[in-house]
Structures are given as structure tokens and as C-alpha cells.
Amino acid sequence: MTPLKMTTITAKAAPANPVKPAAKPAAAVSRPAVRTEAGSGAKTAVKRSTAGSGSGAAAAGPRLPGNAPKSKKQRAEGAKRTRARKGTGAKRRGRPRRWRKRPGDQAVSALLPTDHDQQDGMPPRDNYQENAYTAGYELGLYEGGELLLEQAMPVNMLLPEVTLREVIAMGAEHIRHLCQPLLDVHQVFAEMEAAIAEQRPCSVVRLGDGELLTLAQEGVYDAATIQREGGFLPYAGVRPPDLNARDQLAESVRQAHIVGVPLSRRKHFQPLLHPVLRSHHLAPAGMRLTTSAVNYSLHQAGLLNTLLSGKQLLIIGNVAPALAHVLSQRGFHVSGVISPVRGVDDVERVMNEIRGSEFNLALVSAGIAAVILCTRIARELGKTALDFGHMADGIVRGKYAL
């Protein structure tokens with residue numbers, strides 16, 4: 001027999017009827033060996049550099065294109081391209097590992113769009129994170145509302161076309177007798193105006209999530225929970241754990257003339273209010289309450305201009321200089337400015353400055369410290385003080401026109 005000769009493949013024009021190579025076994029990984037040049041029938045062999053190839057590699061004889069061993073760098077790049085292809089595909093199989101073996105997985109999966117939905121014009125699942133968020137939101141909305149209504153319905157009874165909102169509204173009417181009425185904005189305005197005219201003390205303070213979390217220390221929440229849930233407290237003027245700030249704040253709420261409380265039922269607002277008041281032995285029935293948004297309500301009701309007109313205004317807080325400038329331009333009389341206020345620990349220094357000021361209405365925008373300052377201004381100096389909050393920022397930025 002005549003021995004077979006090894007022939008080196010070079011870049012030549014492809015024959016008119018090229019012979020297709022035999023298919024490789026299924027277990028073998030197919031890799032493209034040649035690249036077709038656009039506009040021509042020529043095929044060029046793809047060169048692959050082999051790590052450590054040299055004279056020894058050359059001595060082994062020529063290799064067919066596409067079968068040359070890959071270097072470590074090339075294998076890594078190939079794996080990267082494979083991951084990229086998998087990551088950009090529209091179709092994703094299975095659920096993320098973090099969803100496995102958790103309640104509600106099937107409900108979440110049912111809410112995610114399917115391939116059939118995409119064919120019918122639904123948005124593709126390219127943005128997987130957004131779809132997961134939407135599915136989680138819809139599931140939470142169902143389990144926090146409609147599911148509770150399902151469970152409360154009598155057995156074997158079909159509810160007619162009544163929305164959950166309508167059911168809640170009808171139920172709220174039946175518990176009206178349990179609700180405590182709040183002072184409306186006109187009553188708060190009249191109380192402040194009368195106190196200024198009669199030169200008697202009046203403090204209007206407001207409780208938000210910052211004040212309630214401060215009051216909740218070691219009474220409702222432990223230190224670890226406060227640290228986790230109250231990451232914004234240092235910005236508001238308290239660095240937990242700070243039980244001294246908690247006790248000062250509780251005493252100020254106890255002595256305030258009018259206390260604004262949140263109507264929002266988010267986690268650290270109204271749901272936290274009653275446990276906090278109970279932990280400090282404060283009975284809501286014995287307090288004069290209004291909404292914690294009373295500072296905004298005064299403006300919305302058209303009463304803020306009247307309240308500020310003809311008064312000697314003392315502006316307190318970090319934004320006080322800018323607010324004083326705007327108020328002066330609008331024709332209001334600003335008799336003093338105290339700034340900055342560096343949290344609850346700075347209250348004593350600020351009070352010493354306030355004692356040397358002439359005013360009959362103080363607007364205090366100083367975070368959690370504002371509650372303490374307003375109460376002390378009324379109690380120690382016999383003046384009227386309003387916890388002005390972020391209303392000051394809104395006026396300075398032009399959001400609220402005077």
C-alpha cells in the first residue's frame with residue numbers, strides 16, 4: 001500500500017462543489033474553524049495561538065484548522081462569551097436560587113410573563129430585575145389586601161362587583177366611634193393666633209418616623225433594630241443609641257400644647273405611634289392632636305401668610321439664613337436668625353441664643369431637635385413656636401410661594 005501523504009491546508013478559493021466534512025460525534029464540541037469573507041467564496045483558516053507552542057509543537061506535525069489546542073486565556077474568553085450569550089437571551093429557564101423553597105414562589109412565577117405572552121405582544125423579559133420587582137409588588141398587593149378579604153368572606157359566598165377599596169370604606173364607617181378626632185388646620189391656626197395676641201405660650205410640634213424611632217429606643221425596639229431601621233437618624237439629629245435624647249423628646253411631647261401625629265400607615269409612622277406613646281405612658285385621649293403635616297396644611301389652606309404677617313419672626317435651623325432672606329423679600333419682619341442647629345446635643349447652646357432674641361413667633365426647622373426647642377421656647381420664654389420642618393426648604397426652593 002502507498003502511504004498517505006500529509007497535506008497542509010492553505011487559504012485558497014473554495015471549489016465549486018466543496019465536499020462537506022463528516023459530522024463530529026455528539027459528545028465533541030463544535031468550534032468554527034474558518035471564517036467566510038463577505039462577497040467572496042474564499043475561506044481563510046483561523047489561526048489559534050497555543051500556549052507554550054514552539055519547536056516541540058511544530059515537530060508534532062501540522063494540525064487541521066479548528067483543532068489546535070486553546071490557550072488558558074482563550075478558554076477563559078470563550079467561557080465569558082458563553083456566559084454573555086446566556087445572560088442576554090430573552091428566555092430564562094427556572095427561578096433564581098433565592099426564590100426556591102419560599103412561600104409564594106408559584107404565585108410569583110405565575111405573574112411573570114411567559115414566552116407565549118411575548119409572542120402576543122407583551123414586553124420581553126430582557127429586564128429581569130424590573131419584572132421581578134413588578135411580580136413581587138403585585139404579590140404583596142394581593143397578600144396584603146385581596147387575600148385578607150378572601151379569608152374574611154363567609155364560606156360558599158360570592159362577593160358581587162365590590163372593590164377592596166369600597167369594602168374598606170364601608171368597614172371604616174363601622175369603626176368611626178373608635179377614632180379620636182384631630183384638630184383641623186383652622187383650629188391650630190386660631191390657637192396660635194390667640195396665643196400670640198394674648199402673649200401666652202403655645203408650642204406646635206410634629207412626630208414623624210425620626211421622632212418615633214428615637215422614642216422607640218429600648219421601649220419598642222432594641223438597639224440593633226434601631227440601628228438597622230433608623231440609618232437616617234444621625235441626619236435628623238440623633239445618633240442612636242441615645243436614651244438621653246429619647247427621654248428629652250418624650251418629656252417635650254408630654255408638655256407640648258399641640259402634637260402633630262402621622263396619618264400614614266407605613267411601618268414607622270402610625271403603626272409605631274401607639275406602641276411608642278404607650279411605652280412612655282402617654283395617653284392619646286389626653287393629648288391635643290393634629291396631623292403631622294399641619295405645617296404644609298397651613299400653606300394649602302391659605303393661612304400661612306396671615307400667620308406670618310405682622311409678627312416678629314425668629315427663624316431657627318440650618319436653612320434659616322436662606323429662609324429669612326426669602327421672607328424679608330416678601331415683606332415679612334424677621335427679627336432674628338439662629339443657625340446652625342447641630343442635633344439634639346446642640347439644644348442647650350441654641351436656647352442660650354434664643355433667650356437674647358426679640359420675637360413673638362419662632363419657626364423652627366431643626367429635625368428631631370425642633371420638638372424639644374419648640375416646647376422649651378413656649379415653656380421657658382412664654383412664646384409661640386411652630387415646628388416648621390421641611391416647609392422651610394420648600395419655600396427657599398420656590399416650591400411653595402408666599
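- Using a distance-only test at 3.5 Å, with no hydrogens or angles considered, no donor-acceptor pair links the side chain of Ser297 to the main chain of Val185.
- The only member of Leu308, Val334, Leu314 that meets side-chain contact (heavy atoms from CB on, under 4.5 Å) when paired with Leu363 is Leu308.
- Partners of Gln151 according to the side chain to side chain donor-acceptor pair (under 3.5 Å) rule, which considers only residues two or more places apart in sequence or in another chain, do not exist here.
- No donor-acceptor pair closer than 3.5 Å links the side chain of Lys383 to the backbone N or O of Leu381.
- For Glu358, the salt bridge (charged side-chain N to carboxylate O under 4.0 Å, His left out) criterion is met by no residue, not counting sequence neighbours.
- Side-chain atoms of Thr225 and Asp222 include a donor-acceptor pair closer than 3.5 Å.
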Assess the residue pair Val261 and Ser292 against the criterion (side-chain contact (heavy atoms from CB on, under 4.5 Å)); give the C-alpha distance rounded to whole Å, side-chain angles, the decisive distance to 0.1 Å, and a yes or no. CA-CA 5 Å; Val261 294; Ser292 59; 5.6 Å; no
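- A side-chain donor-acceptor contact under 3.5 Å links Glu251 and Gln255.
- Side chain of Thr291 to main chain of Val294: no donor-acceptor pair is present (N/O by atom type, distance under 3.5 Å, no hydrogens or angles).
- The environment of OH in Tyr235 is sparse: at most 12 heavy-atom neighbours from other residues, nucleotides or ligands sit within 6.0 Å.
- Not a single donor-acceptor pair under 3.5 Å links the side chain of Glu138 to the backbone N or O of Ala135.
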Distance-only donor-acceptor hits, side chain of residues 384-402, under 3.5 Å, sequence neighbours excluded:
from, atom 1, to, atom 2, distance (Å)
Asp387, OD2, Arg206, N, 3.3
His390, ND1, Asp393, OD1, 3.2

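- A donor-acceptor pair under 3.5 Å is formed between the side chain of Glu211 and the backbone N or O of Gly208.
- The structure places CG of Leu323 at 11.5 Å from CD1 of Ile316, a figure rounded to the nearest 0.5 Å.
- Ser335 places a side-chain N or O within donor-acceptor distance of the main-chain N or O of Leu313, the cut-off being under 3.5 Å.
- Of the possible polar contacts, one joining the Asn360 side chain to the Gln312 backbone as a donor-acceptor pair under 3.5 Å is found.
- Applying the side chain to side chain donor-acceptor pair (under 3.5 Å) criterion to Tyr142, with sequence neighbours excluded, gives Glu150.
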Which atom pairs, donor and acceptor, lie under 3.5 Å between side-chain atoms of residues 267-281 and protein residues at least two apart or in another chain?
from, atom 1, to, atom 2, distance (Å)
Lys267, NZ, Glu229, OE2, 3.4
Gln270, OE1, Arg265, NH1, 3.0
Gln270, NE2, Pro262, O, 3.4
Gln270, NE2, Leu263, O, 3.0
Ser279, OG, Val276, O, 2.6
His280, NE2, Leu215, O, 2.8

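- When the ring pair (Phe, Tyr, Trp, His ring centres under 6.0 Å) test is applied to His257, no partner is found at least two apart in sequence or on another chain.
- Side-chain atoms of Gln227 come within 3.5 Å of backbone atoms of Pro240 as a donor-acceptor pair (strictly under, hydrogens ignored).
- Side-chain contact, Asn352 with Arg355: a donor N or O sits under 3.5 Å from an acceptor N or O.
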